[in-house]
There are 2 protein chains.
Amino acid sequence: MDMRERLIESTRELLWERGYVGTSPRAIQERSGAGQGSMYHHFRGKPDLALAAITRSAEDLRARAEAELSGGGTPLERVVTYLRRERDALRGCPVGRLTQDPDVMADPALRRPVEETFSWLRGRLAGVLAQAQAGGELAAAPDPAATATALVAVLQGGYVLARAAADAEVYAQAIDGALGLLVPAAPPRSR
Amino acid sequence: MDMRERLIESTRELLWERGYVGTSPRAIQERSGAGQGSMYHHFRGKPDLALAAITRSAEDLRARAEAELSGGGTPLERVVTYLRRERDALRGCPVGRLTQDPDVMADPALRRPVEETFSWLRGRLAGVLAQAQAGGELAAAPDPAATATALVAVLQGGYVLARAAADAEVYAQAIDGALGLLVPAAPPRSR
């Protein structure tokens, strides 16, 4: 991995673990092994490097979701696959986490990839839910856009509750609860 | 308000806005108007003061939820009242927000009120959902504990999505989506 990549990947990790205000240029240099001169050769400063890191995390989230939501199976099966994908619940979401960073939220350039990612995800999931309704797999009544927003919220809030409890099982329970409402007849997840 | 109270309230605000790592003793002194000597007269240091502030925020969250969940109306009506209570969606939850603070999560004393609050809330809501099932207001099928965890997750994740979009309406949409799944025949919220 070249130094530019190492700087981006180290910044992604630090933003995930410590947030923006907790991620100092010195910490980035220490984790990446880059000297101060190298960091400022590749990036204008911490906001510029953070933007590259946040953009990368947002692209990753989107690519994984798209792979599952456009993958095999019926529309409803793809929604369930997406929701039940094994996640590192106690680490939380590297993109959702940024919404708690006041410096990221206050900077339009840094907030943009966060906003676009969740806007895309809610819309993409709503589309697959609408397909599931059209195909008779789901009841026609609830608005797919609102349902999609609620389901993405369950994922993001599931991380919050799992971290509060220091127990990844709480995350799984939130997903189970949501699926129990979405598909009353769904089989329980295998344990 | 005496100085001890002002220190606690100022710390609550700063933890909500900036998080633990972003809340310096100097910022607490500036916001509260306390001198350094006064702060260390009342509290042993930042962790001690943060514990008082977090405990207070946790007690507030619990008292408001309890008032709604034990208030008037049928069990289902009380759940809907709780979920639809007007919240400052873009500020987010002062307790849930702490789960993104690595220093709070790493300190068992600081994490305890966060853990206890959400554990209590999930259990309390599960109890009211079970009452709603027993009274025939809700279908008997989904497990009330999992449903309760999913609904609390929707609230917490709704804040994440509203902040990402800089739009409180996204929070309202997440609640609408959850209620649409919980009570397919529920009337839409008044606008």
Side-chain angles (χ1 to χ4, degrees), chain A residues 17-22 90 92-93 95-103 105 111 114-119 122 139 141-167 170-182 184-185, chain B residues 17-22 90 92-93 95-103 105 111 114-119 122 139 141-167 170-182 184-185:
Chain A
E17 294 164 19
R18 308 275 322 158
Y20 189 86
V21 68
L90 295 182
C93 173
V95 184
R97 190 245 187 276
L98 297 166
T99 62
Q100 301 306 315
D101 257 321
D103 295 334
M105 290 296 100
R111 192 171 66 77
V114 179
E115 175 171 11
E116 289 177 351
T117 299
F118 286 116
S119 174
R122 288 163 45 215
D143 172 37
T147 304
T149 298
L151 293 176
V152 177
V154 168
L155 293 177
Q156 294 295 319
Y159 293 129
V160 170
L161 299 183
R163 284 174 67 92
D167 182 359
V170 175
Y171 175 87
Q173 194 189 36
I175 306 297
D176 280 353
L179 283 172
L181 294 175
L182 184 70
Chain B
E17 294 164 19
R18 308 277 320 159
Y20 189 87
V21 69
L90 295 181
C93 173
V95 183
R97 191 247 185 276
L98 297 166
T99 62
Q100 301 306 316
D101 256 323
D103 295 333
M105 290 296 100
R111 192 170 66 76
V114 179
E115 175 171 11
E116 288 177 351
T117 300
F118 286 116
S119 175
R122 289 163 45 216
D143 172 36
T147 304
T149 298
L151 292 176
V152 177
V154 169
L155 292 176
Q156 294 294 318
Y159 294 129
V160 170
L161 298 182
R163 285 174 67 93
D167 181 359
V170 176
Y171 174 88
Q173 195 188 37
I175 306 297
D176 280 353
L179 283 173
L181 294 175
L182 183 69

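Chain identifiers are assigned alphabetically (A, B, ...) following the order of the sequence lines, protein sequences preceding nucleic acid strands; residue numbering begins at 1 within each chain.
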Chemist: Relative to chain B, which of A:Gln100, A:Gln156, A:Glu116 shows the most heavy atom pairs under 4.5 Å?
Modeler: A:Gln100

Chemist: Considering non-hydrogen atoms only, spot the tightest contact between B:Arg97 and A:Pro102 and give its length.
Modeler: NH2-CD, 3.8 Å

Chemist: What is the minimum heavy-atom distance between A:Glu115 and B:Ala165, and which atoms define it?
Modeler: OE2-O, 3.8 Å

Chemist: Identify which of B:Val170, B:Val114, B:Leu155, B:Val152 forms the greatest number of heavy-atom pairs closer than 4.5 Å to chain A.
Modeler: B:Val170

Chemist: Is B:Ala162 in contact with chain A via its backbone, its side chain, both, or neither, using a 4.5 Å heavy-atom distance?
Modeler: neither

Chemist: Among B:Cys93, B:Ala166, B:Ser119, single out the residue with the greatest number of heavy-atom pairs under 4.5 Å to chain A.
Modeler: B:Ala166

Chemist: Looking at A:Leu98, A:Leu151, A:Asp167, A:Thr147, which one has more heavy-atom pairs under 4.5 Å with chain B than the rest?
Modeler: A:Thr147

Chemist: Is any side-chain heavy atom of B:Leu161 closer than 4.5 Å to one of A:Thr149?
Modeler: yes

Chemist: Assess whether side chain to side chain contact (heavy atoms under 4.5 Å, CB included) is satisfied between A:Arg18 and B:Asp103, documenting all intermediate values.
Modeler: CA-CA 9 Å; A:Arg18 308 275 322 158; B:Asp103 295 333; 3.5 Å; yes

Chemist: Specify which of B:Ala178, B:Ala164, B:Gly177 makes the most heavy-atom pairs with chain A at under 4.5 Å.
Modeler: B:Ala164

Chemist: Counting heavy-atom pairs closer than 4.5 Å to chain B, which one of A:Val21, A:Leu182, A:Leu181 comes out on top?
Modeler: A:Leu181

Chemist: Write down the atom of B:Ala153, the atom of A:Ala174, and the distance for their closest heavy-atom approach.
Modeler: CB-CB, 4.1 Å

